[in-house]
Amino acid sequence: MTETIENTRTRGHSEEPLLSVRDLTVTFTRQGEKPFVAVDGVSFDVRPGQTVGLVGESGCGKSVTSLAIMGLLPQRGVRVEGEVLYGGTNLLTQSKEQMRDRRGRDLGMIFQDPLSSLNPVVPIGVQVTEVLERHKGLSRKAATPLAREMLDKVGIPDPNRRLKDYPHQLSGGMRQRALIAMALACAPKVLIADEPTTALDVTIQAQILALLKELVEDSGTALVMITHDLGVVAGLVDRINVLYAGRIVERGDRHPLFAQPRHPYTHGLLSSIPRLDGERGTKLTPIPGSVSDNLPWANACAFAPRCSQPIDVCVEKTPEFVEDGPRALRCHNPVEVSR
Amino acid sequence: MSNPLNPDNLDPRNKKQRIDELAAGSGGTATLTVDDAGHIEESTGVSLIASAWRRLRRNPVFLLGAGITLLFVLLAIFAPLIAPHDPTKGLLLDKVRPQSNPVPGPEAGFPLGADTSGRDVLSRLIVGSRQTLIVGVFATLFGLAGGMSLGVLAGAFSGWVDSLVMRIVDVMLSIPSLLLAVSIAALASRPSQWTVIIAIATVQVPIFARLLRGSMLAQRSSDHVLAARALGVKRSAIVFRHMLPNSLGPVIVQATLVIAGAIIDAAALSFLGLGNPDDRQPEWGQMLGKAQNNIFDNPALAIWPALCIIVVALGFTLMGESLREALDPKSRR
Ligand SMILES: Nc1ncnc2c1ncn2[C@@H]1O[C@H](COP(=O)(O)OP(=O)(O)OP(=O)(O)O)[C@@H](O)[C@H]1O
Ligand code: SF4
Ligand SMILES: [Mg+2]
């Protein structure tokens with residue numbers, strides 16, 4: 001693993017990573033149940049202004065990873081190992097109070113379902129000012145103009161009126177905008193977006209993604225974009241980490257990865273989304289099977305039962321994560337590069 | 001339609017289960033409902049209340065309950081103006097014959113007759129509504145205050161605080177409530193309406209505590225609390241701004257139902273002689289208790305206060321039940 005770290009540190013970009021996840025492992029240890037490893041040795045870096053995608057299907061550990069970074073996992077029944085370095089500090093060893101001070105100020109997060117993520121009985125304005133009061137020590141009165149400015153910035157029309165509105169009075173897209181306003185109110189350096197558009201309809205999805213892109217580009221915020229849909233983030237991310245059953249199976253910069261997916265899982269993900277530039281009549285092929293078919297990573301490739309091109313060694317030996325410059329891959333029998 | 005938490009017909013385990021079910025059915029979290037017209041309405045918090053109110057307004061059960069309650073509340077407020085006579089004066093005392101006719105029957109100006117002291121029964125019933133409502137409402141308010149404090153404490157802190165509070169609450173719940181109330185009331189050296197209020201409030205404390213704690217726990221794992229925590233919001237604000245206001249639905253419903261139970265319990269305590277002994281301040285339970293002596297010759301003296309107790313309790317119960325139905329996402333159509 002040390003080799004891995006060196007590799008990522010010395011890669012092309014001149015800037016030091018802002019957020020550096022090292023060998024993050026999250027194990028749920030419920031009493032009476034056998035321990036469940038939801039995230040298994042995940043490492044990735046996020047540089048200032050960079051947008052990094054974390055992609056994988058339901059249950060692969062995307063949300064658990066983001067909650068671990070934020071320090072929001074439950075206190076009991078969870079074991080978190082590894083390091084989450086933010087500007088050199090390991091967030092996993094920080095006290096509860098220190099993390100509470102960082103959340104909303106250094107690290108922001110937005111969630112999948114904008115309606116249920118807002119407090120239904122508190123007006124939007126109060127929910128935005130709350131963050132500013134909390135981290136900037138402002139009074140409600142002093143924070144209100146800033147909150148209005150924030151709502152305006154995220155494209156909520158008539159922010160003055162909206163400040164007094166309750167969440168149910170806003171449309172789905174506006175609610176997500178309001179949540180983005182809250183998350184970015186104190187200008188955190190890292191924003192984690194956990195499937196921010198999944199609950200929205202397609203046209204609104206595009207608007208929200210465009211807004212996120214604009215906001216992070218303007219402010220230099222690093223964005224960790226979590227999604228199960230590669231198509232959604234295609235135009236947004238700089239780098240992509242593909243997660244399968246708690247482990248990163250492939251990583252790369254956007255263009256090479258989209259053009260030449262090497263891991264059969266990534267390949268499958270890409271063939272299951274429609275492409276505008278694809279030939280007409282090309283069939284969309286969904287990945288067969290489901291997560292429940294997974295093998296344990298120990299002594300096998302977890303994806304083997306669903307893989308389109310497994311070889312014998314796939315059910316005998318865990319594939320290593322091999323890095324090659326910006327590309328990295330965990331597969332015994334990668335997809336051939338077609339020319 | 002009886003008070004679901006009227007404890008005397010339930011064993012403690014059922015009682016706990018019932019409370020937890022109520023807590024789990026709490027509003028606050030978002031629900032999607034498809035209304036009659038078939039279009040989808042998103043409802044949370046405020047709109048939840050608004051849509052509940054829309055349904056309540058058309059619910060005859062609620063209207064009946066609210067009507068009864070309103071009637072008695074008005075009666076209590078304007079009792080001295082409405083009562084035809086002074087309830088403390090033995091106006092028909094000269095008609096009382098301890099042997100042949102201990103209870104003067106109805107006559108002009110005294111539609112329900114008089115009691116053994118010659119006092120007008122109707123006036124006593126009307127003025128008696130005051131005591132009954134005061135005891136019911138105050139006992140519930142105090143029970144609510146005590147129960148909510150414990151519930152917030154348990155719901156806000158997980159770990160040993162929660163365990164400790166809930167053990168105490170469970171012990172209290174395991175004692176049949178009327179027995180507990182009687183024991184507490186019997187401790188008072190000089191019984192009065194306040195000892196009754198305190199006794200009944202004590203009985204309500206664990207119910208409200210468990211209920212609030214349950215719905216706060218549901219809030220603790222809700223999306224919007226997680227989102228607030230992701231913003232670094234302080235713990236006190238999480239509890240009082242994000243968890244508590246969203247947990248109150250089932251507690252409010254329960255409070256309405258508890259008033260009915262409190263009124264019945266208060267009457268029971270007075271009936272047993274644990275209430276205010278001063279019969280110059282009429283009270284239904286106490287009237288009922290006194291009527292026992294002549295129950296076979298003059299059942300009317302017992303029937304009137306009993307009827308009043310039943311009707312008032314029914315009013316609050318109907319109101320509470322329909323309120324719960326309206327707020328319960330599961331019962332929506
Ligand atoms: N509190 C918990 N206790 C036990 N297991 C958990 C807990 N939270 C998550 N898990 C498990 O961890 C695994 C990863 O969950 P996670 O929520 O990270 O998936 P995800 O990739 O975000 O999926 P989705 O796309 O559905 O959001 C799942 O199998 C889930 O069952
Ligand atoms: S390691 Fe084997 S089974 Fe796993 S993805 Fe690669 S080829 Fe398929
Ligand atoms: Mg998730």
Side-chain angles (χ1 to χ4, degrees), chain A residues 63 66-67 69-76 96-123 126-128 130-135 165-172 175 178-179 181-186 188 191-192 194 199, chain B residues 26-33 35 40-52 54 156-163 215-249 251-252 327 329:
Chain A
S63 297
S66 55
L67 293 177
I69 296 171
M70 295 292 289
L72 286 173
L73 285 170
Q75 297 289 309
R76 277 172 296 181
K96 274 199 267 180
E97 277 65 37
Q98 284 169 320
M99 279 312 284
R100 205 172 292 143
D101 285 342
R102 283 186 186 276
R103 286 198 292 266
R105 193 191 66 197
D106 297 340
L107 305 156
M109 182 160 178
I110 51 179
F111 296 88
Q112 177 172 342
D113 183 353
L115 178 57
S116 66
S117 300
L118 287 162
N119 185 342
V121 302
V122 174
V126 176
Q127 300 191 51
V128 183
E130 184 173 40
V131 203
L132 293 160
E133 291 170 50
R134 166 70 177 87
H135 292 294
D165 275 358
Y166 288 89
H168 74 271
Q169 292 169 296
L170 303 183
S171 68
R175 289 183 198 125
L179 280 161
M182 286 171 213
L184 293 181
C186 297
L191 178 67
I192 302 178
D194 188 352
Chain B
S26 77
T29 37
T31 43
L32 275 182
T33 49
D35 67 14
I40 292 174
E41 129 194 40
E42 285 173 33
S43 51
T44 52
V46 178
S47 68
L48 189 86
I49 291 167
S51 70
R54 242 182 293 127
F157 300 94
S158 46
W160 67 267
V161 181
D162 184 22
S163 307
S215 61
M216 295 235 335
L217 280 193
Q219 286 296 316
R220 182 151 66 192
S221 52
S222 74
D223 285 355
H224 71 89
V225 166
L226 183 67
R229 288 175 58 216
L231 292 169
V233 173
K234 285 237 169 67
R235 202 144 117 180
S236 55
I238 297 264
V239 171
F240 290 106
R241 183 179 292 161
H242 296 275
M243 283 163 65
L244 186 58
N246 287 295
S247 312
L248 290 179
V251 176
I252 291 166
L327 288 173

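Quick note on labels: first sequence line is chain A, next is B, and so on, each numbered from 1.
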What one should report as the nearest heavy-atom pair of B:A230 and A:R103 is O-CB, 3.5 Å
Do you know which two heavy atoms are closest between A:S117 and B:A227, and how far apart they sit?
-> O-CB, 3.3 Å
Taking the side chain from B:D223 and the backbone from A:D113, do they hold a donor-acceptor pair closer than 3.5 Å?
-> no
Heavy-atom contact with chain B under 4.5 Å, split by part of A:M70 = side chain
Chain B contact via A:L67 - which portion, at a heavy-atom distance below 4.5 Å | side chain
Heavy atoms, side chains only, cut-off 4.5 Å: are B:H242 and A:E130 in contact?
-> yes
Would you sort out whether A:Q127 and B:H224 count as a side-chain contact (heavy atoms from CB on, under 4.5 Å), showing the intermediate values?
-> CA-CA 11 Å; A:Q127 300 191 51; B:H224 71 89; over 6 Å; no
With sequence neighbours left out, the residues meeting salt bridge (Lys or Arg N to Asp or Glu O under 4.0 Å) with A:R102 are A:D106
With A:R134 via side chain to side chain contact (heavy atoms under 4.5 Å, CB included) - residues at least two apart | A:R100, A:D101, B:K234
Is it the backbone or the side chain of A:L72 that comes under 4.5 Å from a heavy atom of chain B, or both, or neither?
-> both
Just by modelled atom types, is the B:L231 backbone N or O under 3.5 Å from a matching donor or acceptor in the A:H135 side chain?
-> yes
Please flag which part of A:R76 lies under 4.5 Å from any non-hydrogen atom of chain B: side chain, backbone, both or neither.
-> side chain
